[in-house]
Amino acid sequence: MRANFIFSEVWIGLRRNLTMTIAVIVTVAVGMALLGIGLMINSQVSSMTGYWVDKVELSVFLCKKNDVFPACKDKPPLTDDQKAALKQTIQSMPEVERVDFEDQNQAYENFKAQQGNSLLLSVIQPGDLSESFRVKLKNPDNATAVSESIQGQTGVANIVNQRQILDTYFGFLSKLRNMALGVAILMVFAATLLIGNTVRLSAYNRRRETGIMRLVGASNIYIQLPFVMEGVIAGLIGGVFAAVLLIVTKVLLFEGIQSYMAVPLGWNTVAGVITFTMAVGVVICVLASFITLRRYLRV
Amino acid sequence: MIHFDNVTKVYTNQNRPALDHVSVDVDKGEFVFLVGPSGSGKSTFLRLVLKEERPNSGAIHVAGKELSRLSNFKVPHLRRRIGCVFQDFRLLPNKNVYENVAFALEVIGKPRRFIRKVVPEVIELVGLEGKAHRMPDELSGGEQQRVAMARAFVNRPMILLADEPTGNIDPATSIGIMKVLDRINRTGTTVLMATHDAAIVDSMRKRVVELEDGKIVRDQSRGVYGQAY
Ligand SMILES: Nc1ncnc2c1ncn2[C@@H]1O[C@H](COP(=O)(O)OP(=O)(O)O)[C@@H](O)[C@H]1O
Ligand SMILES: [Mg+2]
């Protein structure tokens, strides 16, 4: 096999169809970038799920003086004995692993650590915050059941299921991922059609050459390879652009929201995603070229 | 070398056969004219030898191989042993004489050193020495056909098929083309030439196979174009 012969044919072919080649490169780049972003969101969601699942707790807030929660209407706050009894009740539930009490001062410390908003900090006093039990469950999936049975106890103002907050957040990320993947599939479809068209044009432009090649007994691989290589090279260039887009996304988007994510998206993952999307891009180009060749290039 | 055994070819959407129960034998090193009016099946015969078309019935042997048993994968190897020349030359307009001839070797993966050695030899054989760097549009019709013959012969095929090679060339120039074909034949290559050029057939006194409506109506050694008796 004469490599330089093939490459000069490929180069001529790509230049002859310059506009089509550019269209293929752009579609492959956008499609593969979206595929990559979808995969990056996916990996972020699953690593965060893993991280958070064993940290989620139920926060059982207790009534304070003159509390506005309906459950606390006209009821005095619990005495220390009542709190101990409630803690005991919760502790004895089979689904519960551990119960910790958080008093108003601890709540204030945690609040200070979380809030950067100094205006809010200046008006909130430790006395404004509720005491709570932090309930750690053996299996976070039981959160709803446990929270329902605690809800009825006297002195309980409200229960925050962190799991629900996370689910809302993950739900949003999943939608984003599905959108990225959906558009990626459309782009892949468009790329396939474009590549098919490019190969068809190319086969038409080179019909003299291929006719003579067939006649003098060039093997099918030799006749088809320049066309397939055109697809591969366009796919690879598109893949490189997609890689650049993915790196930019990682730096600008994922690192920007990293503080909320707790688990950063590693460069390893990005490298894996880039490799995968490139391979997908090239495979799509090769397949599209081959399928069109079968139709337009008699061998 | 070429053996047709009761071969019938009917093109799809045609009711009349292009070749109708044709049996013929061509030995190694022979020079055979395939004559007959337009539409009598000459080109079809040549295309069947190349396995560009498949017969509806009958068997074709080329170089000892039965073509229907030859897998598609092996067809290119068959074609490497058969050279082809056409009425319309079929040169690549953006390549010069040398490159046009070399192309036939490049695409079957021959090494560059081999190509550099044999291409000038065959250009000289067809009488184009000194014109290797001309482009096809800088050559006369006869010279372009010589390039095509050089390309067909450069890989030293066992068989050379020529489909009306003098069809686009004036009679005086045609004599030169026939001389080259004769030279190629003398190297041991079997030559099968389809033509309806009576003067050429008469002047060469080679074997003549005449087709009419797809049937062989005459097979005569040292024949002439018209009916000799
Ligand atoms: N590709 C084709 N499809 C259908 N019919 C064809 C095709 N090629 C040739 N024919 C028909 O087959 C017959 C023989 O044609 P051909 O072999 O080209 O004759 P010749 O070369 O002697 O002029 C003609 O009637 C022609 O119309
Ligand atoms: Mg013909």
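Keep in mind that the numbers below use all heavy atoms, side chains included, and drop hydrogens, waters and symmetry copies. The shown structure was predicted, so the numbers you read here are calculated from the model rather than taken from an experiment. A, B, ... follow the sequence lines: proteins, then strands. Residue 1 opens every chain.
Within 6.0 Å of atom CZ in B/Arg54, more than 12 heavy atoms from other residues, nucleotides or ligands are found, so the atom counts as buried in its surroundings. Within 6.0 Å of CZ in A/Arg207 there are more than 12 heavy atoms belonging to other residues, nucleotides or ligands. Annotation: B/Lys95, atom NZ; neighbour count of heavy atoms from other residues, nucleotides and ligands within 6.0 Å is above 12. Shown here is B/Asp137, whose CG atom has more than 12 heavy atoms of other residues, nucleotides or ligands within 6.0 Å. By the neighbour-count criterion of 12 heavy atoms within 6.0 Å, atom CZ of A/Phe241 is sparsely surrounded, having that number or fewer from other residues, nucleotides or ligands. Sparse packing is recorded around CZ of A/Phe189, with 12 or fewer heavy atoms of other residues, nucleotides or ligands lying under 6.0 Å away. Counted within 6.0 Å of NE2 on B/His3, heavy atoms from surrounding residues, nucleotides or ligands total more than 12; the atom is thus considered enclosed.
For B/Leu78, no part lies under 4.5 angstrom from a heavy atom of chain A. For B/Phe103, the part lying near chain A is the side chain, with the backbone staying farther off; criterion is any non-hydrogen pair under 4.5 Å. Interface remark: B/Pro93 contributes side-chain atoms only to the contact with chain A (heavy atom separation under 4.5 Å). For B/Arg151, the part lying under 4.5 angstrom from a heavy atom of chain A is the side chain only.
No side-chain heavy atom of B/Val107 sits under 4.5 Å from any side-chain heavy atom of A/Glu209. Put simply, the side chain of A/Arg214 does not reach to within 4.5 Å of the side chain of B/Pro76, judged on heavy atoms.
Contact detail for A/Ile212 and B/Arg90: the closest heavy-atom pair is CD1-O, 3.1 Å. B/Glu106 approaches A/Tyr222 most closely through the heavy-atom pair O-OH, 3.2 Å.
Taking OG from A/Ser219 and CZ from B/Arg80, the interatomic distance works out to 5.5 Å, rounded to the nearest 0.5 Å. A distance of 6.0 Å separates CG in A/Leu215 from CG in B/Leu50, rounded to the nearest 0.5 Å.
The side chain to side chain donor-acceptor pair (under 3.5 Å) test applied to B/Glu124 returns no partner, not counting sequence neighbours.
Among the candidates B/Leu92, B/Asn155, B/Ile108, the residue making the largest number of heavy-atom pairs closer than 4.5 Å to chain A is B/Leu92.
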